[in-house]
There are 2 protein chains.
Amino acid sequence: MSKEQFSGVFNVSIDLKGRVSVPAGFRDVLREKFQSESLFVTLNKDGLTAYPPKAWNAFLSKYDALPASPSKEAVWRARVSPAQECTFNAQGRIQVPQALRARAGLEKDVVIVGMDDKIEIWNQQAYDAVLAKSETLLEEDGQLLSDLGL
Amino acid sequence: MSKEQFSGVFNVSIDLKGRVSVPAGFRDVLREKFQSESLFVTLNKDGLTAYPPKAWNAFLSKYDALPASPSKEAVWRARVSPAQECTFNAQGRIQVPQALRARAGLEKDVVIVGMDDKIEIWNQQAYDAVLAKSETLLEEDGQLLSDLGL
DNA sequence: CACTTTTTGACACCAGATTGCCAAAGAATA
DNA sequence: TATTCTTTGGCAATCTGGTGTCAAAAAGTG
């Protein structure tokens, strides 16, 4: 089975000007499965998420179909309006816009996480924190993992 | 595909005289898509909104068509009458009239947000606040985002 | 271990953003 | 009306941040 989706966690670094190396494997997936050379990067609750154009447009269509509501407006404000398209340079790096970097607290060490049809970009510490929180949660719910056979 | 609409979030600064640099990309969209060199800036509930003349005139037509009512008067007072046209200077800055600045609390750090056919201008703290509020709303309505595939 | 690929840091270059300064225009004062 | 003070806009110098490129370092592969 060849790679079909984004998966795995990668520690990468962001340079002084805000460029991040996207793992080569992800670029392959992007090219082969999504026929694209760019990513739509936007905010999420604790960091950034990057979508292949196809996935982003699919989301936008669903979004447009929603009836007007305060929640819809919140989605617009928090997810849609901050989005920016980023293209790759010759070394496979994308330039993350300053405002997004600032919000996500990206400085030197960042973590890139494959999430099937999207990619998350985290500040290293923030990622460590959620990971730790997840571990804690699993310990409290000891049954779940063994039910899953893990 | 070139940029068709205003999008993205930008941190910019406003000088003592109230001049704001509008991101170069927005000026391109304004020139190419809206054939215009100015913006109509007016109040909104928590900050300022700037419209390309075309969009502003479209709104005014709809407004004129409204039957007279106290609400219509309220729109006049709160949105229409405060509006002022601002042109760009040689450096791509617009001068935001003092009265509007004061109402929106614009001092040093401002945030410019692309909203398709209009542009929002926020005081940095105020923007942080609405963004946080939107995030909260989205958490409460946990279903929505996953329905949208985000 | 040798070789290839990927990642990273460094540098130069350029466009855009910021700042301060100066002059013109306007308002206030006498 | 003459004078001063204030505001506004334009210009220029500077600074910052983004982009492209190169080469060293690191990681991966056979």
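Values below: every heavy atom of this structure, side chains too, minus hydrogens, waters and symmetry copies. Chain letters run A, B, ... following the sequence lines, proteins first and then strands; every chain starts at 1.
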Worksheet item: Does Gln95(A) make a side-chain N or O approach to OP1 or OP2 of dT19(D) shorter than 4.0 Å?
Response: yes

Practice prompt. Please test Glu120(A) against Thr49(A) for side chain to side chain donor-acceptor pair (under 3.5 Å), starting from the C-alpha separation and ending with a verdict.
Written response: CA-CA 4 Å; Glu120(A) 288 184 347; Thr49(A) 309; 4.9 Å; no

Discussion item. Looking at Lys72(B), I want to see if its NZ is surrounded by more than 12 non-hydrogen atoms of other residues, nucleotides or ligands under 6.0 Å.
Written reply: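 Correct, the count exceeds 12.
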
Worksheet item: Looking at the rings of Phe34(A) and Phe26(A), which for Trp means the six-membered one, are their centres under 6.0 Å apart?
Response: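 For Phe34(A) and Phe26(A), the ring centres are not under 6.0 Å apart.
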
Discussion item. Would you say the rings of Tyr51(A) and Phe40(A) are close, in the sense that their centroids are separated by under 6.0 Å?
Written reply: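 Ring centroids of Phe40(A) and Tyr51(A) are no less than 6.0 Å from each other.
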
Worksheet item: How does protein reach along nucleotides 6-17 of chain C, written 5' to 3' as B (base within reach of a heavy atom under 4.0 Å), S (only sugar-phosphate), or - (no contact)?
Response: SSBBB-B---SS

Discussion item. With a 4.5 Å cut-off on side-chain heavy atoms, are Ile112(A) and Phe6(A) touching?
Written reply: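 Sidechains of Ile112(A) and Phe6(A): no contact.
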
Worksheet item: Pick one: which of Leu106(B), Asp109(B), Val110(B) meets side chain to side chain contact (heavy atoms under 4.5 Å, CB included) with Gln124(B)?
Response: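 Looking at Leu106(B), Asp109(B), Val110(B), the match for Gln124(B) under the side chain to side chain contact (heavy atoms under 4.5 Å, CB included) is Asp109(B).
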
Worksheet item: To the nearest Å, how far apart are Ile94(A) CD1 and dG18(D) P?
Response: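 Whole-Å distance recorded here is 13 Å.
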
Response to the item:
Taken to the nearest whole Å, CZ/Phe88(A) to P/dT21(D) is 17 Å

Worksheet entry | Earlier contact from the 5' end, DNA chain D, for Gly18(A) and Ala90(A) | Gly18(A)

